[in-house]
Asker: 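Below you'll find the structure I mean.
It should be emphasised that the depicted structure is a prediction, and the values quoted were computed from it without experimental measurement. Letters go in sequence order (proteins before strands), and every chain restarts at 1.
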Amino acid sequence: MIKVLFFAALRERLHCDQYTAHCATPTTVESLLLHLQQHNEQWQQALSGTELLCAINQTMVSHSAEVVAGDEVAFFPPVTGG
Amino acid sequence: MIKVLFFAALRERLHCDQYTAHCATPTTVESLLLHLQQHNEQWQQALSGTELLCAINQTMVSHSAEVVAGDEVAFFPPVTGG
Amino acid sequence: MTVFVAVQTDDFCQASEYDELRRNAGCGAIVTFCGLVRDLQSTTLSGMTLEHYPGMTEKALKDIAYKAKSRWELGAVHIIHRVGYLKPNAQIVFVGVASAHRAAAFSACEFIMDYLKNQAPFWKKEHTTEAEYWVASKDSDKVALARWEH
Amino acid sequence: MTVFVAVQTDDFCQASEYDELRRNAGCGAIVTFCGLVRDLQSTTLSGMTLEHYPGMTEKALKDIAYKAKSRWELGAVHIIHRVGYLKPNAQIVFVGVASAHRAAAFSACEFIMDYLKNQAPFWKKEHTTEAEYWVASKDSDKVALARWEH
């Protein structure tokens, strides 16, 4: 079980703040994205952008990072604070 | 007639804030310094330092700058404000 | 080094932060940055909503502060970032750095802002009288960050 | 661009200057620098006297502000420098810059301080419990200035 969070424009496109993924673990961010893309066509499109950022347990990671059961994985667009 | 001002450590070494120089004009900062150095041995030493800065009419200038009658010429050590 | 980080909906007081930073003995140089809500692209900006990733924002800001500390000799770093709905002219972000050295204070403050702009999980949505839209990230922010990566 | 320059014996209020700088429409980035009297070399500093060249200091600070304006897009520049006798922890100098762009505000504020340190006619005399001496100029300030001369 992996807790998945979405923020900002991505959250709005998916109409979803939080999702619980039940995929085999350990996995990678890339594989998790492929799993999520199967949800529907809108998710497929929104989650295949090259600019998508990812954090595991609130630390920024690359898409090749490992994901284990119990992780909190967040996806979001490039940040625009400050 | 040239109004000459001295500041900070230089002012203290010369025991003088302000001096009226009666030398031929137009002249240069370099020539004015030579004129002032004739005052006494202490002035000779204090006014021959290479780090001496000069301003004519409140604008920083090099020692080759021209000085005309009525100018306000200031000499001072490197600045240390801020 | 003192590190103070806050993510809050309430406004902050620049003067109080400055007074705190002044209290650091041995730090004769204090540099502050403040970012405000401004209407730069249109003349119809009615406000802005700052979304964030609760928990990660505080962590990211602390990480950035300690990253700055590892590069420069600093006495104190304060970072405050607001979230929620903000009107034009409102304060968004404060970064304040106290150091014994002026160059370190300037560099660290700019470094923190450049990292914050690229790595802290905040997102701006601008509201105009006609529409609302997510602010796009700027290439100039990536370029600013790249300067520090050596 | 608004340029405000003051050379004064009285203390200044950093908060008032910041509030003034905030009023510049279109300027979303405000960077401030404050320099304080600190005891860096000894533990016996009892105070400091700032001597200046009246008239020329104001002129030099204005020149520096306009020099910054010619290099960056700025909304406002405030420079205040105190003179006379100052105790430890006292404020010496304030430089505040408002701009639409964060990089411009940071660069201009540091540029102004680097020029001020090298070209504005102020001199510091430190008083310790044992002696008093004129502060020597620092090579690091010349190096800092040289960075801008291109």
Asker: Pick one of side chain, backbone, both or neither for C/Ala60, based on which atoms fall under 4.5 Å of a heavy atom in chain A.
Answerer: neither
Asker: If you compare all heavy atoms of A/Ala8 against all heavy atoms of C/Trp123, which two are closest, and at what distance to 0.1 Å?
Answerer: CB-CG, 3.4 Å
Asker: Within the distance-only criterion (no hydrogens, no angle test), does the side chain of C/Ser137 pair as donor or acceptor with the backbone N or O of A/Val79 below 3.5 angstrom?
Answerer: no
Asker: Heavy-atom distances under 4.5 Å only: say whether A/Ala9 touches chain C with side chain, backbone, both or neither.
Answerer: both
Asker: Can you tell me how the ring of C/Tyr53 sits relative to the ring of A/Phe76, calling it parallel under 30°, perpendicular over 60° and tilted otherwise?
Answerer: perpendicular
Asker: Within a radius of less than 6.0 Å around NZ of C/Lys138, do more than 12 heavy atoms belonging to other residues, nucleotides or ligands occur?
Answerer: no
Asker: Can you check whether A/Gly82's main-chain N or O pairs, donor with acceptor, with C/His81's side chain at less than 3.5 Å?
Answerer: yes
Asker: Heavy-atom distance under 4.5 Å to chain C: side chain of A/Leu5, backbone, both or neither?
Answerer: side chain
Asker: OG1 of A/Thr80 to NZ of C/Lys125: how many Å apart, nearest 0.5 Å?
Answerer: 11.5 Å
Asker: With a 4.5 Å cut-off on heavy-atom pairs, point out which of C/Met56, C/Arg82, C/Gln119 contacts chain A the most.
Answerer: C/Met56
Asker: If you count every heavy atom of other residues, nucleotides or ligands that lies below 6.0 Å from A/Gln44 atom CD, does the total exceed 12?
Answerer: yes
Asker: Working to the nearest 0.5 Å, report the span between CD of A/Glu12 and CD of C/Glu51.
Answerer: 7.5 Å
Asker: Work out which heavy atom in A/Gln58 is nearest to a heavy atom in C/Lys59; give both atom names and the distance.
Answerer: O-NZ, 3.5 Å
